[in-house]
Amino acid sequence: MGRVQGEVAFVTGGARGMGASHVRKLVAEGAHVLFTDILADEGEALAAELGDAVVFLKHDVTKLEDWEDAVKIAEEKFGPITILVNNAGIALTHTIDELSEADYRKVIDINQVGVFLGMKSVIPSMRKAGHGSIINISSISGILGLGGAAYVASKFAVRGMTKAIALEVAADGIRVNSIHPGLIETPMIMQPGVEEVVRQMAETVPLKRIGKPGDVSNLVLFLASDESSYFTGAEFVIDGGVIVQ
Ligand code: NAP
């Protein structure tokens, strides 16, 4: 029996990177998964590989109507949602002098408002199920000032919102926690030609390596499962020891 057998999960930004790894892990442990992304080709390819246990939808996390449609489809196909992984996000490390108002608002819209809309849309479905686990992907940039004002502001907001909503929905049997990854090897950071930079960054990590998506998926699975039934409003750093230096 899988560790999330029979649960219904919703994963955003699931077409590639960490999101795709979370989708694979949740399916391997017995969940049905509706996953979404704005990258349709990659999402459809992953869905074709994983078969009947998943549904992929093209979905922009900044659009409330997209969320409402996706929740309806998940419920029709698999039943009420019991796991939400708010993973979709973008990085922008511009300094204040380089950062335009439009770019600032775009990062906040996707990384912060997208997480809010996700929780607002999915919590009624979790109430129907009688239980739920929401996992919000923040960053170590949600704890430290590193990463540029827009990204840092959005990720601090995710950390704070997690705690506020955890208190609001605890009595409904819904838990809400945040994950704070350090450097993880995904397309977001592995841009062409950066191998040497990444090698140098790995040297600054106490555990001497960049994290793999699967490292974070193991934590997502723990928080999604009943093994974490007494955790809510908590923040989980997964960074190889970077921020304790
Ligand atoms: P990734 O490989 O870029 O995957 C993120 C996915 O989200 C992409 O497919 C992206 O599409 C999609 N997306 C962007 N905007 C969206 C929107 N409006 N609606 C729906 N999907 C959207 O990144 P990742 O590294 O796996 O990151 C996953 C999460 O972890 C993010 O929240 C990120 O901030 C966080 N994180 C990452 C790291 C790291 O080192 N990788 C560290 C700490 C935290 P596009 O490619 O078209 O934008």
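Just follow the structure's listing: the first ligand is 1, and inside any ligand the first atom is 1. Worth saying up front: this structure is predicted, and the values here are computed from it rather than measured. Computed from heavy atoms alone, side chains included, the values below leave out hydrogens, waters and symmetry copies.
A salt bridge is absent between Asp109 and Lys106: the closest approach of a Lys/Arg side-chain nitrogen to an acidic carboxylate oxygen does not fall below 4.0 angstrom.
Counting only residues at least two apart or in different chains, ring-ring contact (aromatic ring centres under 6.0 Å, His included) contacts with residues 68-110 comprise His32-Phe78.
Side chain of Ser138 to main chain of Lys155: a donor-acceptor pair is present (N/O by atom type, distance under 3.5 Å, no hydrogens or angles). With Asp239 contributing its side chain and Leu183 its backbone, the two residues share no donor-acceptor pair below 3.5 Å.
Among protein residues, Gly13, Arg16, Gly17, Met18, Asp37, Ile38, Leu39, His59, Asp60, Val61, Asn87, Ala88, Gly89, Ile90, Ile110, Ile137, Ser138, Ser139, Tyr151, Lys155, Pro181, Gly182, Leu183, Ile184, Thr186, Pro187, Met188, Ile189 come within 4.0 Å of ligand 1, judged on heavy atoms.
In summary, the aromatic rings of Trp67 and Phe116 are positioned with their centroids too far apart to meet the 6.0 Å limit.
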Checklist entry - Met161 and Met119: side-chain contact (heavy atoms from CB on, under 4.5 Å), yes or no, with the steps? => result CA-CA 10 Å; Met161 222 188 317; Met119 290 195 279; 3.8 Å; yes
